[in-house]
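In what follows, a single structure is set out as structure tokens and then discussed.
Computed over heavy atoms, backbone and side chain alike; hydrogens, waters and symmetry mates excluded. Residue numbers begin at 1 in each chain, while the letters A, B, ... track the order of the sequences.
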2 protein chains.
Amino acid sequence: MGASKTADYTLIQTDLARYCKALSHPARVAILQLLLERKTCICGDIVEDLPIAQSTVSQHLKELKQSGLIKGEIDGTSVCYCIDESEWIKATQLLRSFFDGFELNSNTCC
Amino acid sequence: MGASKTADYTLIQTDLARYCKALSHPARVAILQLLLERKTCICGDIVEDLPIAQSTVSQHLKELKQSGLIKGEIDGTSVCYCIDESEWIKATQLLRSFFDGFELNSNTCC
DNA sequence: TCCTTTTATCGTAATATTGCGATCAATATG
DNA sequence: CATATTGATCGCAATATTACGATAAAAGGA
């Protein structure tokens with residue numbers, strides 16, 4: 001079953017995996033794109049934009065919050081969501097240095 | 001249950017999600033790091049390096065192959081794996097333009 | 001030919017993910 | 001106070017993921 005102790009991997013590996021897991025579903029990518037575009041959204045805005053039910057959107061928002069990439073602030077009956085700037089920068093840098101680790105024309109097999 | 005028709009999302013959204021899903025487990029991040037470092041690896045090299053069984057490594061390699069990020073070539077009894085350059089570049093660019101979509105200090109809520 | 005090496009695949013089990021409708025809790029509004 | 005509105009959570013179902021040992025398949029070597 002799904003053991004895979006966290007201690008078996010480095011912090012960079014688990015951080016990268018965590019950010020990527022947040023982006024591993026097209027609905028969550030779409031939510032983030034909407035937040036990038038509009039800067040802030042309430043949950044209802046996202047529900048209107050996506051082809052999935054409100055409860056499902058809420059669940060995806062919860063996962064995005066847990067990844068750290070977004071945060072939400074209660075404002076009356078609604079919740080205002082936005083990108084978490086410092087986490088976004090951290091993810092950007094982590095991914096950049098990971099993908100930049102590839103040297104062009106260096107793969108000798110295949 | 002897990003329906004989520006592909007047609008509901010853009011190609012960019014599903015491509016991004018597919019690449020990120022490949023990176024969504026620390027073992028797969030570790031495999032890619034090893035390939036970046038050593039340029040090529042046979043399956044056994046990776047099994048030696050990771051704290052998981054050979055069959056599990058093989059399964060992760062299969063997922064990475066399906067994402068497009070790596071390819072493998074049979075060489076005698078072993079299989080030589082390496083990064084797929086063109087897919088890697090595509091993923092790099094897709095992720096870069098996604099993360100660059102954030103404007104600093106633009107989040108007004110929270 | 002027999003045996004070893006290497007990797008993929010099968011079978012199984014545990015857990016996680018995705019999705020929905022229904023409902024709850026909190027705040028507005030009449 | 002009654003009643004919307006908004007979003008989170010619960011309960012459930014279907015499917016996917018992760019992991020392992022056992023075994024199969026393919027190629028090389030004695």
When rounded to whole Å, the NZ to P distance for the pair A:Lys62 and C:dT17 reads 11 Å
Going by the angle between their ring planes, with limits at 30° and 60°, are B:His25 and A:Tyr9 parallel, tilted or perpendicular? perpendicular
Can you see which heavy atom on B:Ser67 is nearest to which on B:Arg18, and at what distance? O-NH1, 2.7 Å
Closest heavy-atom pair, B:Leu64 versus B:Ala22, reported as atoms and distance to 0.1 Å, is CD2-O, 3.9 Å
Residue closer to the 5' end of DNA chain C, A:Ile74 versus A:His60 (nearest nucleotide): A:His60
Among C:dT7, D:dT6, D:dT18, the one nearest B:Gln59 by side-chain distance: D:dT18
Taking all non-hydrogen atoms of both residues, which atom of B:Phe98 and which atom of A:Leu36 are closest, and how far apart? O-CD1, 3.7 Å
Of the listed nucleotides D:dT18, D:dG7, C:dT7, the one nearest the side chain of A:Ser78: D:dG7
Between C:dT7 (P) and B:Lys65 (NZ): distance, integer Å: 11 Å
From C-beta outward on B:Ala53, which listed nucleotide comes closest to its side chain: C:dT9, D:dG7, D:dC20? D:dC20
Considering only heavy side-chain atoms of B:Thr77, the closest of D:dA27, D:dC20, C:dA26 is D:dA27
Nucleotide of D:dG7, C:dC20, C:dA8 approaching A:Gln54 most closely (side-chain heavy atoms): D:dG7
Let's see if you can work this out: which of C:dC20, D:dC20, D:dT18 has an atom nearest to the side-chain heavy atoms of B:Glu63? D:dT18
Can you check whether any acceptor in the base of C:dG21 is under 3.5 Å from a donor in the side chain of A:Ser55, or vice versa? yes
One thing to verify: whether A:Glu87 and A:Lys71 come together as a salt bridge, which I'm taking to mean a side-chain N less than 4.0 angstrom from a carboxylate O. no
Quick one: A:Ile42 CD1 to C:dT27 P, roughly how many Å, whole number? 16 Å
Return the value, rounded to whole Å, for the distance between atom CD1 of B:Ile52 and atom P of D:dA19. 6 Å
Consider the side chain of A:Ser58, meaning its heavy atoms from C-beta on, and name the nucleotide among C:dT9, D:dC20, D:dT9 that approaches it most closely. D:dT9
How long is the line joining CG of A:Asp45 and P of D:dG7, in whole Å? 8 Å
Report the distance from atom CD1 of B:Ile46 to atom P of D:dA19, rounded to the nearest whole Å. 15 Å
What is the separation between atom CG on A:Leu61 and atom C1' on C:dG19, rounded to the nearest whole Å? 15 Å
Take the protein atom CG of A:Asp75 and the nucleotide atom P of D:dG7, then report the distance between them rounded to whole Å. 10 Å
Of B:Lys21 and A:Val79, whose closest DNA chain D nucleotide lies nearer the 5' terminus? A:Val79
